[in-house]
Amino acid sequence: MSGKGLASRADGKGIEGSFDPGAIEGELYARWERSGCFAPTGNGAPYCIAIPPPNVTDRLHIGHAFQHTLMDALIRYQRMNGRCTLWQTGTDHAQIATQMVVERQLLAQGTTLQDLGRKAFIDKVWDWKHGTGGDISRQIRRMGSSVDWSRERFTMDEGFSRAVMEVFIRLYEEGLIYRGQRLVNWDPKLKTSISDLEVDSREEAGRLWHFRYPLAPGLATDDGKGYLVVATTRPETMLGDTAVAVHPDDERYRSLVGKDVELPLAERRIPIIADDYVDPAFGSGCVKITPAHDFNDYEIGTRHGLALVNIFNADASVNDNAPPAYRHLDRFVARERIVADLDAAGLLERIEEHTLTVPRGDRSETVIEPWLTDQWFVKIGPLAEPAIRAVENGDIEFVPRQYENMYFAWMRDIRDWCISRQQWWGHRIPAWYDDAGKVHVGRTEAEARLKGGLDDAVALRQDDDVLDTWFSSALWTFATLGWPERTPELERFHPTDVLVTGYDIIFFWVARMIMMTLKFTGEVPFRKVYVHGMVRDAEGAKMSKTRGNGLDPLDMIDGISTEGLVAKRTANMTQPQMAADIAARTRREYPDGIPPYGTDALRLTFCAMASQGRDLAFDLKRIEGYRNFCNKLWNATKFVLMHVDGVADRASPIEESPADRWILSRTRKLAATAHRAIAAYRFDLYANAVYEFAWHEYCDWYLELTKPVLFDEEASAAQVGAARHTLLEVLATLLRIAHPMVPFITETLWRRLPKGNGTGDESTLMRQPFPTVDALPDDPEAEAAIDWLKTVVTGIRTIRGELNVSPARTMDLLLQGGSTRDRELLATTESLLRRLAKIGNLNWLATEDEPPPASVQVVGDLKIIVPLAGLIDLEAERRRLHKEIDKLAKDLRRVDGKLANDGFLAKAPAAVVAKERDKGEALHKQLDALAGQLSRLHAL
RNA sequence: GGGUGUUUAGCUCAGUUGGGAGAGCAACGGCCUUACAAGCCGUAGGUCGCAGGUUCAAGCCCUGCAACACCCACCA
């Protein structure tokens with residue numbers, strides 16, 4: 001190393017105490033934000049990530065914290081690499097979720113949506129949004145996320161709304177948005193349609209009711225019965241039945257096809273039809289058909305021209321199409337009544353327990369009703385095709401790859417997207433109706449009139465519906481950058497580089513972004529999709545309010561008392577009966593609450609756990625280890641600053657030791673690993689490499705290796721200077737490499753270091769260059785020397801450990817055998833060896849000399865001999881040797897087995913064979929040495 | 001019913017093109033050694049889910065099976 005890395009300005013302030021995250025984080029973030037260093041700067045190649053916009057209703061949860069850590073690591077890394085970096089942030093208006101939140105608040109205040117009226121309600125929502133609704137943005141700051149706050153967007157801000165309207169109009173004009181009457185998923189609680197994706201199918205225990213439907217007079221089945229048996233899980237829908245279906249090949253019923261049954265209770269006559277859909281083996285082989293309330297039956301109804309009888313109101317109470325006895329009853333009340341009435345009429349054959357999949361709304365959790373309504377749809381086929389191609393041809397890559405299969409499977413079987421919602425909060429559909437019910441679409445009412453040739457005298461009424469929230473989120477990457485305007489930002493940062501997201505919204509969001517972005521910009525929205533797993537609790541269970549197993553990232557950062565945690569977990573429970581259990585478990589699991597670990601420790605934990613493509617079980621125990629790591633960095637820096645004071649003189653000559661050269665070469669390997677890991681989105685490997693290097697190479701070995709020099713009064717100024725320079729240079733390099741994961745502590749420590757060793761903006765580590773591999777020396781010779789030293793020192797320590805010799809006690813050391821190379825290596829490392837292993841006298845024994853009673857370790861050809869006199873317990877040493885010999889003998893048997901195998905010799909590559917031979921020889925030598933030693937001990 | 005993933009030390013997970021099974025935490029033993037007890041030194045622990053196959057050689061490739069997890073799907 002030359003002296004060039006280090007500077008003349010050493011502030012030499014030093015640091016005290018230990019790592020205290022609370023004392024550094026808040027102030028530091030504020031300083032970063034004020035200084036504007038989150039905004040894109042410079043002429044580097046652009047690098048852009050669009051944040052998955054959290055809902056305005058969200059509070060920062062562990063999933064956000066995880067995701068934001070990964071994004072921030074990527075952003076900070078690329079910023080340090082000199083890229084012109086934009087992390088585009090913002091929030092989503094979260095149509096249904098937000099309306100529910102504000103509606104609940106109104107209810108608590110004793111008023112309702114209807115009382116307020118549409119306009120006043122929307123004003124209320126905006127008020128809420130400007131108040132507590134934006135908390136999530138403030139919380140994101142606590143994670144250290146370096147987003148560009150000056151460009152924060154909202155999916156209902158003015159510009160974004162313009163983009164949404166523009167997209168709607170253009171799709172409508174192309175015929176890709178249409179309005180029509182269809183059977184849709186209807187949420188009777190929210191009284192709105194929802195898309196297929198918003199329906200969760202869950203297995204639930206239910207029943208299968210078998211009813212008798214009497215045949216029309218004069219008819220009978222083959223076996224003489226006057227009725228057909230139909231089975232249903234939903235008795236109430238029978239009021240809307242318009243047929244009974246059998247399989248066309250079913251001999252039992254062939255003669256009845258085309259005839260009628262009497263629909264009980266409704267007192268209607270409905271036909272018996274034949275359709276392939278029916279499975280003759282299931283139940284009686286007869287199926288009741290309710291086209292207005294079942295998706296399959298709707299299809300069958302269409303095929304057979306059946307009437308649709310809608311029997312439900314919007315809240316799923318029975319309507320006036322049903323017999324008077326059932327009108328206005330809730331669907332589940334009606335069910336009971338109908339079963340009872342059929343039973344009374346002798347038409348209930350039997351009831352079976354039955355597990356069925358029940359469709360529930362993902363927001364309301366209520367049972368979804370297929371219901372016939374007028375809705376707006378996106379004709380999705382033409383949009384899906386190019387989106388499939390973009391992934392097929394590699395324009396977009398998923399990491400890990402397997403998620404592409406999931407994407408393809410869904411996209412190739414995609415169905416039209418119902419985008420209208422019967423709600424108030426959201427983007428209102430830009431369509432107007434005249435008195436005749438004719439629809440006029442335009443960006444504004446005026447445009448709609450103009451296009452429809454309507455003058456002001458014609459009354460128009462705007463469509464009441466709003467758009468699915470995902471319709472606007474689909475435009476996120478380009479609308480946030482200014483589309484439909486061709487802004488410089490759009491030119492520069494689109495397509496974005498990578499989308500970091502969970503697999504749970506691949507269909508909701510990722511797929512739709514790809515479709516919409518290709519359609520409107522002709523570009524992909526992002527080149528890569530990094531799909532991360534979901535954060536679960538330590539046992540692998542989903543974190544949920546109901547389970548009371550959630551962990552708030554802010555509580556891990558700031559700490560929380562046991563009772564604070566209990567209060568949090570049991571507040572506002574939907575199932576209050578769980579509260580006692582949750583409180584008890586929380587007190588058991590967190591008897592001392594959660595200590596404040598700080599943001600860096602949390603971030604490092606997330607990085608280390610970000611394995612590919614699977615969920616992660618978040619165990620709080622992990623974070624403690626990474627907090628300790630931060631403290632380790634703190635203390636290492638404290639040590640360095642104690643010694644670099646006055647290093648500043650660049651002109652002084654320095655003389656690097658093998659240890660100095662070794663750690664620099666190892667630093668080069670670290671940089672290489674970091675670059676490679678980040679490029680592959682292997683945050684776990686990146687975190688592990690930094691941890692391993694900092695703790696086990698830099699601290700455990702290098703710092704210790706500098707002490708013999710720093711504390712040696714006879715060491716030359718050049719030697720001491722080299723150690724100081726290297727300590728500092730490697731620390732500065734390490735801080736830069738670690739910074740994207742642990743920004744707060746690295747920045748804090750870096751500020752204390754003497755400056756002048758970077759090429760970036762000296763005021764912040766954020767703008768220092770990320771170390772390049774080429775700037776660091778590759779020094780295999782030094783690595784070999786220190787590896788040798790480590791092996792010898794470890795051998796001696798093992799002897800100490802096994803024989804319980806105090807580390808404080810100085811021991812003598814004899815060496816025997818060994819190659820010329822061993823003698824060279826000893827010569828270069830002897831002073832280090834003496835110090836690290838606490839060696840007194842050190843002598844070579846001639847090969848033929850008989851060693852004294854001793855404990856022996858063998859390294860290659862070299863015997864490390866620690867004379868036993870007065871040190872040990874012979875029996876313990878014999879046991880140790882036996883164990884060692886057994887282990888080596890086992891290895892040797894395997895090697896010999898290979899070498900005795902002709903197939904191996906003939907077919908394995910020469911290098912592999914040679915390696916085995918060398919291994920065998922080494923094992924033989926070691927075994928001989930240990931066996932000799934053992935026999936000598938027995939002779940004592 | 002179709003599909004994907006997982007199965008490696010007590011726990012959480014690495015293991016790159018097939019070539020001597022690894023880390024962290026937990027456990028055990030010893031240390032307040034001049035940055036750090038949130039620390040230091042050392043030790044122990046695994047028939048790599050099961051059964052076959054390919055290969056000189058399998059944690060890794062192929063086939064089958066099992067368990068678990070998730071995604072999709074119209075069995076009343």
Side-chain angles (χ1 to χ4, degrees), chain A residues 15 18-19 201 208-209 230-234 237 245 277-279 281-290 294-300 354 356-357 400 402-403 405-406 409-410 413 503-504 506-507 533-534 538-540 595 597 601 608-609 611-619 621-622 624-643 676 680 682 684-685 688 691-692 696 699-700 703-704 707 710-711 793-794 797-802 804-808 838 880 891 894-895 898 901-909 911-913 915-916 919 923:
Chain A
I15 52 176
S18 42
F19 172 58
S201 287
L208 195 55
W209 285 268
V230 296
T232 180
T233 55
R234 303 209 46 203
T237 63
Y277 164 75
V278 179
D279 174 2
F282 188 93
S284 64
C286 302
V287 185
K288 63 188 271 306
I289 302 298
T290 322
D294 183 283
F295 289 103
N296 293 310
D297 293 5
Y298 183 83
E299 294 297 318
I300 294 172
H354 180 75
L356 69 161
T357 48
Q402 75 244 21
Y403 286 106
N405 293 329
M406 211 167 114
W410 188 69
D413 191 32
Y503 56 76
D504 54 333
I506 288 179
F507 305 146
M534 300 290 135
E539 277 77 48
Y597 291 114
M609 295 181 76
S611 51
Q612 293 236 292
R614 66 156 113 184
D615 290 345
L616 41 137
F618 190 89
D619 192 336
K621 274 184 257 166
R622 286 289 295 268
E624 187 179 339
Y626 292 107
R627 188 270 319 260
N628 295 351
F629 174 81
C630 291
N631 191 44
K632 191 77 177 172
L633 274 185
W634 185 274
N635 284 312
T637 303
K638 187 154 70 173
F639 175 84
V640 171
L641 289 177
M642 282 169 58
H643 294 285
R676 206 179 323 115
R682 290 299 303 267
D684 56 336
L685 301 182
N688 288 340
Y691 183 100
E692 165 69 22
H696 298 305
C699 289
D700 285 353
L703 256 50
E704 296 304 323
K707 288 177 183 175
L710 297 173
F711 296 139
V793 168
T794 304
R797 283 177 180 165
T798 303
I799 292 172
R800 280 184 186 274
E802 296 278 344
N804 259 331
V805 178
S806 157
K838 196 127 185 176
R880 189 182 73 78
D891 284 351
R894 192 172 44 224
V895 172
K898 277 193 179 182
N901 181 338
D902 291 340
F904 175 72
L905 297 177
K907 295 192 180 175
V912 173
V913 176
K915 204 170 141 196
E916 289 297 318
K919 202 191 298 172
L923 284 169

In dot-bracket form, how is RNA chain B paired, counting a Watson-Crick or G-U wobble pair only if both its distances are under 3.5 Å and using | for bases paired to another strand? (((((((..((((.....[..)))).(((((.......))))).....(((((..]....))))))))))))....
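Remark: C1' of B:A23 and CD of A:Glu692 are 8 Å apart, rounded to the nearest angstrom. For A:Tyr691 and B:G24, the OH to P distance is 7 Å, given to the nearest whole Å. In this structure, A:Ile15 places its CD1 atom 13 Å from P of B:A35, rounding to the nearest Å. Atom NZ in A:Lys621 sits roughly 15 Å away from atom P in B:G10 (whole-Å rounding). A:Phe618 has its CZ atom 16 Å from the P atom of B:C25, to the nearest Å. We find that CE of A:Met609 is positioned 14 Å from C1' of B:A23, with the value rounded to whole Å. Atoms CG (A:Leu616) and P (B:U6) sit 15 Å apart, rounded to a whole Å. Between the CE atom of A:Met534 and the C1' atom of B:U6 there is a distance of 16 Å, rounded to whole Å.
Scored by the salt bridge (Lys or Arg N to Asp or Glu O under 4.0 Å) test, A:Lys638 finds no partners at all (sequence neighbours excluded). Partners of A:Tyr597 under the ring-ring contact (aromatic ring centres under 6.0 Å, His included) rule, at least two apart in sequence or in another chain, do not exist in this structure. For the side chain to side chain donor-acceptor pair (under 3.5 Å) test, residues two or more places apart in sequence or in another chain that qualify with A:Asp684 are A:Arg682. For A:Arg894, the salt bridge (Lys or Arg N to Asp or Glu O under 4.0 Å) test picks out A:Asp891, with sequence neighbours left out. By the ring-ring contact (aromatic ring centres under 6.0 Å, His included) test, A:Phe19 is found to be paired with no residue, residues two or more places apart in sequence or in another chain being considered. A:Asp619 pairs by the salt bridge (Lys or Arg N to Asp or Glu O under 4.0 Å) definition with nothing, not counting sequence neighbours. Legend: residues meeting ring-ring contact (aromatic ring centres under 6.0 Å, His included) with A:Phe904, ordered by chain and number and at least two apart, are absent.
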All N/O pairs under 3.5 Å across the protein-nucleotides 16-21 of chain B interface:
unit_1	atom_1	unit_2	atom_2	d
B:G20	O2'	A:Arg894	NH2	2.8

Under 3.5 Å, which protein N or O atoms sit close to an N or O of nucleotides 30-34 of chain B? Give each pair with its distance.
unit_1	atom_1	unit_2	atom_2	d
B:U34	O4	A:Arg835	NH2	2.9

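Between A:Phe507 and A:Trp410, the ring planes lie parallel to each other; the angle is under 30°, not in the 30° to 60° tilted range. The aromatic rings of A:Phe711 and A:His643 sit perpendicular to each other, their planes meeting at more than 60°, with 30° as the lower class boundary.
Within the nucleic acid shown, A:Ala636 comes within 4.0 Å of at least one base atom, counting heavy atoms only. At the heavy-atom level, A:Glu539 lies nowhere under 4.0 Å from the strands shown.
Nucleotides B:A14 and B:C50 have their C1' atoms positioned 24 Å apart, rounded to a whole Å. To the nearest whole angstrom, the two P atoms, one in B:C48 and one in B:U7, are 14 Å apart. Across the P atoms, B:G19 and B:U34 are found 45 Å apart, a figure rounded to whole Å.
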I'd like to compare against my own output: the B/S/- annotation of nucleotides 70-76 of chain B with a strict under-4.0 Å heavy-atom distance to protein. -SSSBBB
Treating primed atoms plus P, OP1 and OP2 as sugar-phosphate and everything else as base, which nucleotides of nucleotides 37-44 of chain B get B, S or - for protein heavy atoms under 4.0 Å? -BSSSSSS
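Between A:Tyr277 and A:Asp297, the side chains place no donor N or O within less than 3.5 Å of an acceptor N or O (distance only, hydrogens not considered).
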